[in-house]
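Below: the structure, in C-alpha cells.
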Amino acid sequence: MNHYVYKLIAPRPTFAGDMNEAEMAVMGEHTVYWNKLFEDGRVAVFGVVLEPTGAWGLAVVEAETEDDVRALAYHDPAVNTGTCTFEIGVMPSPSVRPAQVAA
C-alpha cells in the first residue's frame with residue numbers, strides 16, 4: 001500500500017470564512033464523504049489546514065496507485081461539483097505510526 005497527499009484547493013483564499021449556502025452544503029457533503037473513507041481505513045488523516053494566505057484541505061490517503069486517489073477525488077463532492085480543485089503528491093517512504101489499540 002502506498003501513501004499519497006491529497007490537497008483540496010479552495011476556489012478563493014477567503015473561502016473558509018465566506019462560503020455561501022450552496023458552497024456550505026457541498027462542503028458538508030465533502031466532509032461526510034471523507035469521514036466515510038476515514039472510517040473505512042482508506043485515509044490516515046484529513047482536515048483543514050489554516051495558513052495566513054488561506055485554508056486548504058489535506059488528506060493522507062492509502063492506495064495502490066495514484067489513479068486510485070484520483071478516483072476518490074473525482075467522487076469528492078467538493079471536486080465533482082466544480083467547487084474546488086485538487087493536487088496529489090506521492091509519499092515514497094513515509095513513517096507511519098501503527099494504529100493504536102483501545103485499552
Side-chain angles (χ1 to χ4, degrees):
M1 195 62 65
N2 299 302
H3 289 80
Y4 297 87
V5 172
Y6 174 82
K7 181 177 183 179
L8 187 71
I9 303 165
R12 57 189 177 278
T14 58
F15 183 70
D18 66 7
M19 284 182 262
N20 62 38
E21 286 186 33
E23 291 168 333
M24 281 192 265
V26 167
M27 295 313 289
E29 293 173 22
H30 160 80
T31 300
V32 168
Y33 177 74
W34 284 94
N35 271 318
K36 175 74 170 121
L37 294 171
F38 180 77
E39 290 168 4
D40 290 347
R42 299 184 68 191
V43 177
V45 62
F46 77 99
V48 176
V49 177
L50 301 176
E51 295 184 325
T53 56
W56 51 278
L58 167 75
V60 176
V61 179
E62 297 174 338
E64 290 294 326
T65 69
E66 185 173 325
D67 285 341
D68 295 334
V69 182
R70 287 189 183 285
L72 295 178
Y74 294 136
H75 287 94
D76 181 344
V79 173
N80 68 28
T81 61
T83 303
C84 297
T85 58
F86 69 93
E87 294 175 354
I88 296 171
V90 64
M91 299 179 72
S93 301
S95 295
V96 179
R97 182 180 70 197
Q100 296 179 350
V101 177

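Only heavy atoms go into these numbers, but all of them, side chains included; no hydrogens, no water, no symmetry mates.
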Problem - Shortest non-hydrogen contact from Val26 toward Pro77 - result: CG1-O, 3.5 Å

Handout entry: Neighbour count >12 (heavy atoms, 6.0 Å) for atom CZ, Phe15
Key = yes

Handout entry: Shared hydrophobic cluster for Phe46 and Val61 (ILVMFWY, side-chain gaps under 4.5 Å)
Key = yes

Exercise for the section: Verify the cluster assignment for Tyr74 and Trp34: are they in a single hydrophobic cluster under the rule of side-chain heavy atoms below 4.5 Å apart? Expected result: yes

Practice task
Tell me, with the steps shown, if Asp68 and Tyr4 meet side-chain contact (heavy atoms from CB on, under 4.5 Å).
Solution key: CA-CA 10 Å; Asp68 295 334; Tyr4 297 87; over 6 Å; no

Practice task
Check the surroundings of atom CD in Glu21: do more than 12 heavy atoms from other residues, nucleotides or ligands lie under 6.0 Å from it?
Solution key: no

Practice task
Go through the steps to decide whether Glu62 and His3 satisfy the test side-chain contact (heavy atoms from CB on, under 4.5 Å), and finish with yes or no.
Solution key: CA-CA 5 Å; Glu62 297 174 338; His3 289 80; 3.1 Å; yes

Fill in the blank from the handout: Looking only at heavy atoms, the pair that brings Ala73 and Val79 closest together is O-CB, 3.3 Å

Practice task
Examine distances only and state if a side-chain atom of Asp76 and a backbone atom of Ala78 form a donor-acceptor pair shorter than 3.5 Å.
Solution key: yes

Exercise for the section: Following the transitive rule for hydrophobic clusters with a side-chain heavy-atom cut-off under 4.5 Å over Ile, Leu, Val, Met, Phe, Trp and Tyr, establish whether Leu8 and Val90 coincide in one cluster. Expected result: yes

Problem - Tyr6 side-chain N/O to Phe86 backbone N/O, donor-acceptor pair under 3.5 Å - result: no

Problem - Nearest atoms (heavy-atom pairs only) where Pro11 meets Cys84 - result: CD-SG, 4.0 Å

Practice task
State plainly whether one hydrophobic cluster holds both Leu37 and Met27, where clusters connect Ile, Leu, Val, Met, Phe, Trp and Tyr through side-chain heavy atoms under 4.5 angstrom apart.
Solution key: yes

Practice task
Quick one: list whatever passes salt bridge (Lys or Arg N to Asp or Glu O under 4.0 Å) with Glu23, sequence neighbours left out.
Solution key: Arg12

Exercise for the section: Applying side-chain contact (heavy atoms from CB on, under 4.5 Å), run through Thr31 and Asn35 and close with a yes or a no. Expected result: CA-CA 6 Å; Thr31 300; Asn35 271 318; 3.5 Å; yes

Handout entry: Arg70 atom CZ: more than 12 heavy-atom contacts under 6.0 Å
Key = yes

Practice task
Go through the steps to decide whether Tyr33 and Leu72 satisfy the test side-chain contact (heavy atoms from CB on, under 4.5 Å), and finish with yes or no.
Solution key: CA-CA 9 Å; Tyr33 177 74; Leu72 295 178; 3.8 Å; yes

